[in-house]
Amino acid sequence: MPAQPSAQFSVVIPTYNRAALVVRAIDSALAQEYAPAEIIVVDDGSTDATRKVVAGFGDKLRYFHQANAGVSAARNRGVREARHDWIAFLDSDDSWEPGHLRRIVDAIEHTGGEAALYFADAAMAWEGGSSYWGHCGLKVNGAWELKRDAGEWAMMRVQPMMIQASVISRTAYLKVGGLPEQLRTREDTLLFFKLAFLYPACAVSGCGTVLNSDDLIRLTQIYDHETLVYCNASISLYRELLASFPTIGRKRRQYLTHALSAAHFGMGRVLSRQGMYLSAMWRLFTSGVISPMVFTRELFGSASRREGVLINRARAVGISNKAGS
């Protein structure tokens, strides 16, 4: 690589009451073979010793404290404070492999920085370090793969992008509005849809991030696909995508419409289990109006849109609202 390559990384680490874990994340950022230009820690209202622990790193990083507002607000704050063009995200209970940023910068330079999103694989520690891409079904031949139309990746059964294994153009991130702070889950899913529909993306081979499982603060374990919070978030994100991309093309609009119908059906199923039968009937009716085919398919269980227990656990460990709520 050139002595002074153009790609400079601002690392953004949101944290909430993780004084005992955040050191590992910071150390893994400092240990990168390709050093980041800056490391930003956004403390989302911690009440433990996080401030003191982070202060121990001195001027090796920048620290910002804010009132508890949730992981999306914390990440968005970090991006706003960043001084460089590429944002590398890491969660405070996870860690990077030493070569993560080096492989990303190689891909950026070989592609001329054409993509807005560069993302690597992740290892799920609770599954013996198994590949997240392997569970998603993503295969990349060579060191990297660039897609100028990345919608295909966004519409996979489970998106292969995980935010703490991703580097995103700061300009593109801000243009799409960053992470939606009103969503309590699936905020990352919406972000990746927007980026993939608007910009090229690049998958970078190799494990970038180790997703650890040694913390109990994982809101996605509560907000899984059988909760009203998850269903509401799904309905909200598909509605927003349909409204934001009216000329997306027939196939992709159909995909989003079917997903919205399935989300309403899922909401109806959850409401029914909670004894709210009138509300459940309305949601099921809405599902049928949006897509009679999806309603029938869901009703008879021939094709479920549930993401599966294993992948929900991956999201719980990897992309949950781990900065607080």
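Bear in mind that the values here come from a model prediction, so they are computed numbers and not experimental data.
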Nearest non-hydrogen partners of S272 and A280, listed with the distance: N-CB, 3.6 Å
Side-chain contact test, heavy atoms from C-beta onward, threshold under 4.5 Å: evaluate it for I163 versus L191 and give yes or no. yes
Report yes or no: do N212 and D93 form a side-chain donor-acceptor pair below 3.5 Å? no
Quick one: are E187 and E181 in side-chain contact, heavy atoms under 4.5 Å? no
To the nearest 0.5 Å, tell me how far H110 NE2 sits from C202 SG. 11.0 Å
Residues E97, R103: salt bridge by 4.0 Å N-O rule: no
A side-chain contact here means heavy atoms from C-beta on lying under 4.5 Å apart; do M156 and E152 qualify? no
More than 12 heavy atoms of other residues, nucleotides or ligands under 6.0 Å from CE of M281: is that the case? no
Checking side-chain polar atoms at under 3.5 Å, does Y63 have a donor or acceptor matched by the opposite partner on D43? yes
Just how far is it from atom OG1 of T15 to atom CG of D44, taken to the nearest 0.5 Å? 9.0 Å
Taking transitive links into account, so neighbours of neighbours count too, which hydrophobic residues share a cluster with Y277 at under 4.5 Å side-chain distance? none
I'd like to check L21 versus S92 (side-chain heavy atoms, cut-off strictly below 4.5 Å). Are they in contact? no
dist S95:OG -> L90:CG (nearest 0.5 Å) comes out at 7.5 Å
Is any side-chain heavy atom of F9 less than 4.5 Å from a side-chain heavy atom of V105? yes
Closest heavy-atom pair and its distance - A7, I108: CB-CG2, 4.0 Å
Take a 6.0 Å sphere around CD of Q274 and say whether it holds more than 12 heavy atoms from other residues, nucleotides or ligands. yes
Non-hydrogen atoms of S28 and W96 that approach each other most closely: OG-N, 3.1 Å
For A88 and V167 the tightest heavy-atom approach is CB-CG2, 3.8 Å
With clusters defined by side-chain heavy atoms of hydrophobic residues (ILVMFWY) lying less than 4.5 Å apart, directly or transitively, does L237 cluster with V158? yes
Out of curiosity, does V270 fall in the hydrophobic cluster containing F285 (side-chain heavy atoms, cut-off under 4.5 Å, transitive links)? no
Sub-3.5 Å donor-acceptor pair from the side chain of T257 to the main-chain atoms of R253, do we have one? yes
State the CD1-CD distance between I104 and E109, to the nearest 0.5 angstrom. 12.5 Å
Quick one: does any side-chain atom of E145 pair with a main-chain N or O of V140 as donor and acceptor, under 3.5 Å? no
Heavy-atom side-chain contact between T247 and F245 under 4.5 Å: no
Using the rule that Ile, Leu, Val, Met, Phe, Trp and Tyr join whenever any side-chain heavy atoms are under 4.5 Å apart, tell me whether L241 and M155 fall into a single cluster. yes
For a quick check under 3.5 Å, do Y118 and T111 share a side-chain donor-acceptor pair by atom type? yes
Can you tell me how far the OG atom of S169 sits from the CD atom of E114, to the nearest 0.5 Å? 12.5 Å
Distance-only polar pair, side chains of H135 and S130, donor-acceptor under 3.5 Å: yes
Looking at every heavy atom in both M162 and A122, which two are closest together, and how far apart are they? SD-CB, 4.2 Å
Can you confirm whether the side chains of Y173 and N76 place a donor and an acceptor under 3.5 Å from each other? yes
Between W282 and I235, is there a shared hydrophobic cluster once you connect ILVMFWY residues whose side-chain heavy atoms come closer than 4.5 Å? no
So, using side-chain contact (heavy atoms from CB on, under 4.5 Å) as the criterion, who are the partners of D121 when residues are at least two apart? S131, Y132, W133
Got H100 and E33 here, is their nearest side-chain heavy-atom distance under 4.5 Å? no
D85 versus Q8, side-chain donor and acceptor atoms under 3.5 Å: no
Quick one about S261 and S291 (side-chain donor to acceptor, distance below 3.5 Å, no hydrogens or angles considered), yes or no? no
Are F265 and R283 close enough that some pair of their side-chain heavy atoms sits under 4.5 Å apart? no
Run the side-chain hydrogen bond (donor to acceptor under 3.5 Å, both in side chains) check on R51 and S46 step by step: do they pass? CA-CA 8 Å; R51 183 188 294 269; S46 294; over 6 Å; no
Within a 6.0 Å radius of atom NE2 on H65, are there more than 12 heavy atoms belonging to other residues, nucleotides or ligands? yes
Please tabulate, for side-chain N and O atoms in residues 53-62, each donor-acceptor pair with protein atoms closer than 3.5 Å (sequence neighbours left out).
residue: R62; atom: NH1; partner: E38; partner atom: OE1; Å: 2.9
residue: R62; atom: NH1; partner: E81; partner atom: O; Å: 3.0

Are F197 and L179 in one and the same hydrophobic cluster, where Ile, Leu, Val, Met, Phe, Trp and Tyr link if side-chain heavy atoms are under 4.5 Å apart? yes
Value rounded to 0.5 Å, distance of CD1 in I13 from CZ in R18: 11.5 Å
Once you measure the plane-to-plane angle for Y255 and F193, does it fall in the parallel (<30°), tilted (30-60°) or perpendicular (>60°) bin? tilted
Residue set satisfying side-chain contact (heavy atoms from CB on, under 4.5 Å) with S236, at least two apart, ordered chain then number -> L183
Give a yes or no on whether the ring-centroid distance for F192 and W153 is below 6.0 angstrom. no
Can you tell me which residue pairs pass the salt bridge (Lys or Arg N to Asp or Glu O under 4.0 Å) test with a partner in residues 230-240, sequence neighbours excluded? K194-E240
Is it the case that the side chain of S205 and the backbone of G142 share a donor-acceptor pair, with hydrogens and angles ignored and the cut-off at 3.5 Å? yes
Can you list every salt bridge (Lys or Arg N to Asp or Glu O under 4.0 Å) pair that touches residues 168-180, not counting sequence neighbours? none
Consider side chain to side chain contact (heavy atoms under 4.5 Å, CB included). Of V176, D149, I168, T171, which one does Y199 pass it with? V176
